[in-house]
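Just so it is clear: chains get the letters A, B, ... in the order the sequence lines come, proteins before strands, and each one is counted from 1. Note: hydrogens, waters and symmetry copies are ignored here, and every other heavy atom, side chains too, is used. Owing to the predicted nature of the structure, the values given are computational and were not obtained by experimental measurement.
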Protein chains: 2
Amino acid sequence: MTLNNNMNYKSEKEFLNQYDAKEFESPLVTVDLCIFTLIENDLKVLMVKRSSFPEKGKLALPGGFIDLNSDSSIEETALRKLLNKTGVKSPYLEQVSTIGNKSRDPRGWSVTTLYFALLPYVDVIGANEFGDEVKWLSMEDVAINSMAFDHKELIHLARKRLSNKVSYTDIGFHVLPQKFTLSQLQKAFEILMDHKLEKKSFRRRMMAADLVQELDEVSAERGRPAALYQAKSKQPYFFARSL
Amino acid sequence: MTLNNNMNYKSEKEFLNQYDAKEFESPLVTVDLCIFTLIENDLKVLMVKRSSFPEKGKLALPGGFIDLNSDSSIEETALRKLLNKTGVKSPYLEQVSTIGNKSRDPRGWSVTTLYFALLPYVDVIGANEFGDEVKWLSMEDVAINSMAFDHKELIHLARKRLSNKVSYTDIGFHVLPQKFTLSQLQKAFEILMDHKLEKKSFRRRMMAADLVQELDEVSAERGRPAALYQAKSKQPYFFARSL
DNA sequence: CTTATATGTGGCATAGTGCCACTATATCAG
DNA sequence: CTGATATAGTGGCACTATGCCACATATAAG
């Protein structure tokens, strides 16, 4: 489609008067979110049970259409959806990819921009917009559930991006509460990356990267009490080779 | 926009009959390409001079609307555009990001999915679809040219992704001809990354990564003749720390 | 007081990197 | 033929980060 190319309007104004966006054939555009958190050392994704057709009753990612009147960008759409479902205003949010083709939605050509978010655990029951059923689904159970549209693939896309990015950035901090022990931090990184880490090496790198601030408190559960830390002002990268 | 959420159709079929995509308010969707190549050790981007409103006469990235009838995915749209402008069928092509907001196009809310491509140099004069002026613009000159829409920002986005990705993958090979010397390869990487490299370290890593195949030919210009190499079957990553 | 459990450190062998001087092989000028 | 110049390619060492794992430390439970 190169509708513009062969035309020769006398002025831009005339063009704008004569045409508006709705005259171009455009696909449906949605924004979908893959919201991750950690609950008791188990990685979870937020899912919604669809209450309407198509795909009624199936699990789907939270998301939906852009509100052309109130949203001024697609990031805003994503943040609005996130706030609706979780009550969280400022998560870690990153665009993963945009998938567009004519087969993913039974209604025809459709395009979705996928985001993923990282949050510390929040209770989500009843936090939803229209009484749709919203719940944290364990990543282990993603495989065994039937899902709407291509949302299972979307989850895998987001999951891959997550694992990868956690290994060379500090985004993993976002699933933890304010205060944490280095063991908790390591465990979180391991789960997010799906990869075991060496205790000494991990601590050495964390210290070298200067990403954490030791506090004067300790967390005592079993065994020797662990020092509590908090995240320092985040830096984009800390160049770990393979964590 | 959650048009689906409160409805309660009796069946999916009824839903599909009653509604089709055009009833939802959707933004304009385009695909834009940032096509890079190297000409005489100078990084170039392919630009088109717009022959119609809006932004008539300004430089713009090649791109345009999805053809809902012939394209079956947005990647296909991108490849079609690329083929139109350059005649190249199988470049390195990667999705960078999707930008959507209500201010980037004077016609209103619009969404574009940005791709970048890497090619060995091809002559592009006259290769275009509708007689639009198409040319390779030096990256040095991007700053001093006025550009349509937010395309200057799109170029910067693509440029950043390119620099970054070249440093930990082998995509840099795609701007070179089949046969090349290690010095040419290093120079290409340096330009793409915008970062000087150490000769010995570079060669050591290339060899260790087993990405190149030495040939029985040499390239003689000035000085000692250099061995020619060709790329081996590409692997996704070769884990260079900082090249 | 012993055991279980978890935190935190010491220290070494190994591998990858930056650095740069040095060698090798061509062309070109006179 | 000779020496200057230019580029290709290597030798080798100091430095740093990593993996590994044993050991020391600190608490609770029995």
Side-chain angles (χ1 to χ4, degrees), chain A residues 40-41 166-170 172 176-177 179-191 193-230 235 237-243, chain B residues 38 40-41 166-170 172 176-177 179-191 193-231 235 237-243:
Chain A
E40 287 169 10
N41 289 334
V166 166
S167 72
Y168 64 94
T169 68
D170 62 0
L176 290 176
K179 298 174 183 179
F180 48 82
T181 68
L182 289 185
S183 296
Q184 285 165 7
L185 184 64
Q186 180 180 340
K187 192 71 191 168
F189 271 68
E190 288 178 343
I191 294 168
M193 293 170 59
D194 193 26
H195 185 293
K196 274 273 181 194
L197 299 174
E198 238 290 319
K199 183 170 55 167
K200 186 66 189 296
S201 305
F202 179 77
R203 293 165 111 92
R204 220 172 6 202
R205 274 195 298 268
M206 276 300 149
M207 291 325 195
D210 195 35
L211 286 172
V212 289
Q213 169 78 56
E214 187 167 356
L215 301 173
D216 275 338
E217 302 168 69
V218 289
S219 159
E221 306 209 350
R222 286 177 293 284
R224 175 175 170 176
L228 281 171
Y229 289 80
Q230 65 186 12
Q235 291 154 25
Y237 293 92
F238 61 95
F239 294 114
R241 181 206 289 284
S242 65
L243 275 172
Chain B
L38 223 47
E40 288 169 10
N41 288 335
V166 166
S167 72
Y168 64 94
T169 68
D170 62 1
L176 291 177
K179 298 175 183 178
F180 49 82
T181 68
L182 288 186
S183 296
Q184 286 165 7
L185 183 65
Q186 181 179 338
K187 191 73 191 167
F189 270 70
E190 286 178 344
I191 294 169
M193 293 170 62
D194 193 26
H195 187 293
K196 274 275 181 191
L197 298 174
E198 239 289 318
K199 182 168 59 167
K200 186 65 190 295
S201 305
F202 180 76
R203 293 165 111 91
R204 222 172 4 203
R205 273 194 298 267
M206 276 301 150
M207 293 324 197
D210 195 36
L211 288 172
V212 289
Q213 169 77 55
E214 187 168 355
L215 302 174
D216 274 338
E217 302 167 67
V218 290
S219 158
E221 307 208 351
R222 288 175 293 282
R224 173 175 172 177
L228 282 171
Y229 290 80
Q230 66 184 12
Q235 291 153 26
Y237 294 92
F238 60 94
F239 293 117
R241 181 206 289 283
S242 66
L243 273 173

Participant: Given atom CZ of A:Phe202 and atom P of C:dT7, what is their separation to the nearest angstrom?
Facilitator: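 It is 12 Å, rounded to the nearest whole Å.
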Participant: If I take atom OG1 from residue B:Thr181 and atom CG from residue B:Leu215, how far apart are they, to the nearest 0.5 angstrom?
Facilitator: 11.5 Å
Participant: I need the B:Gln186 CD to B:Arg203 CZ distance, nearest 0.5 Å.
Facilitator: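 Nearest 0.5 Å value for the CD-CZ distance: 7.0 Å.
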Participant: Give, for atom CG of A:Leu176 and atom CD of A:Gln184, the distance between the pair rounded to the nearest 0.5 Å.
Facilitator: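 So the gap between those two atoms works out to 7.0 Å.
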Participant: Taking all non-hydrogen atoms of both residues into account, name the closest pair between A:Tyr229 and A:Met207 and its distance.
Facilitator: OH-CE, 3.4 Å
Participant: Check every atom of C:dT25, C:dT9, C:dT17 against the side chain of B:Ser201 and return the nucleotide holding the closest atom.
Facilitator: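 The nucleotide sitting nearest to the side chain is C:dT17.
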Participant: Just how far, in rounded Å, is P of D:dA8 from CG of B:Leu185?
Facilitator: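 Rounded to whole Å, this separation is 12 Å.
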Participant: For a 4.5 angstrom cut-off between non-hydrogen side-chain atoms, does A:Asn41 reach A:Lys187?
Facilitator: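 Yes, side chains in contact.
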Participant: Among C:dT9, D:dC21, D:dT27, find the nucleotide with the atom closest to the side chain of A:Glu198.
Facilitator: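 Comparing C:dT9, D:dC21, D:dT27 against the side chain of A:Glu198, the answer is D:dC21.
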Participant: Between C1' on D:dT10 and CE on B:Met206, what's the gap in Å once rounded to a whole number?
Facilitator: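 Between C1' of D:dT10 and CE of B:Met206: 18 Å.
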Participant: Rounding to an integer number of Å, can you tell me how far B:Tyr168 OH sits from C:dG16 P?
Facilitator: 21 Å
Participant: In this structure, how many angstroms lie between the P atom of C:dT7 and the CD atom of A:Gln186, rounded?
Facilitator: 9 Å
Participant: How many Å lie between CG on B:Leu197 and P on C:dT17, as a whole number?
Facilitator: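 After rounding, the reported distance stands at 12 Å.
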Participant: Would you mind telling me which of C:dT17, D:dT18, C:dG8 lies closest to the side-chain atoms of B:Arg205?
Facilitator: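 Shortest atom-to-atom distance from the side chain points to C:dT17.
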Participant: Could I get a table of every N or O pair under 3.5 Å where one atom is in the protein and the other is in nucleotides 2-6 of chain C?
Facilitator:
| from | atom 1 | to | atom 2 | distance (Å) |
| --- | --- | --- | --- | --- |
| C:dA6 | OP1 | A:Arg222 | NE | 3.3 |

Participant: Answer with base, sugar-phosphate or nothing: what part of the nucleic acid does A:Ala208 contact at a heavy-atom distance below 4.0 Å?
Facilitator: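 Here A:Ala208 touches no strand at all.
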Participant: Check for me whether the distance between the ring centres of A:Phe189 and A:Phe202 falls short of 6.0 Å.
Facilitator: yes
Participant: Once you round it to whole Å, what is the distance between P of C:dG8 and CD of A:Glu221?
Facilitator: 13 Å
Participant: Among C:dG18, D:dT10, C:dT25, which nucleotide has an atom closest to any side-chain atom of B:Pro225?
Facilitator: C:dT25
Participant: Roughly how many Å is it from CG in A:Leu228 to P in D:dA26, rounded to a whole number?
Facilitator: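 Between P of D:dA26 and CG of A:Leu228: 17 Å.
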Participant: Toward the 5' end of DNA chain D, which comes first, B:Lys200 or A:Ala220, by nearest nucleotide?
Facilitator: B:Lys200
Participant: Could you check whether any side-chain N or O of B:Glu217 sits under 3.5 Å from a backbone N or O of B:Ala227, counting only pairs where one atom can act as donor and the other as acceptor?
Facilitator: no
Participant: Quiz question: going by heavy-atom distance under 3.5 Å, is there a donor-acceptor pair between the base of C:dG8 and the side chain of A:Arg204?
Facilitator: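 No.
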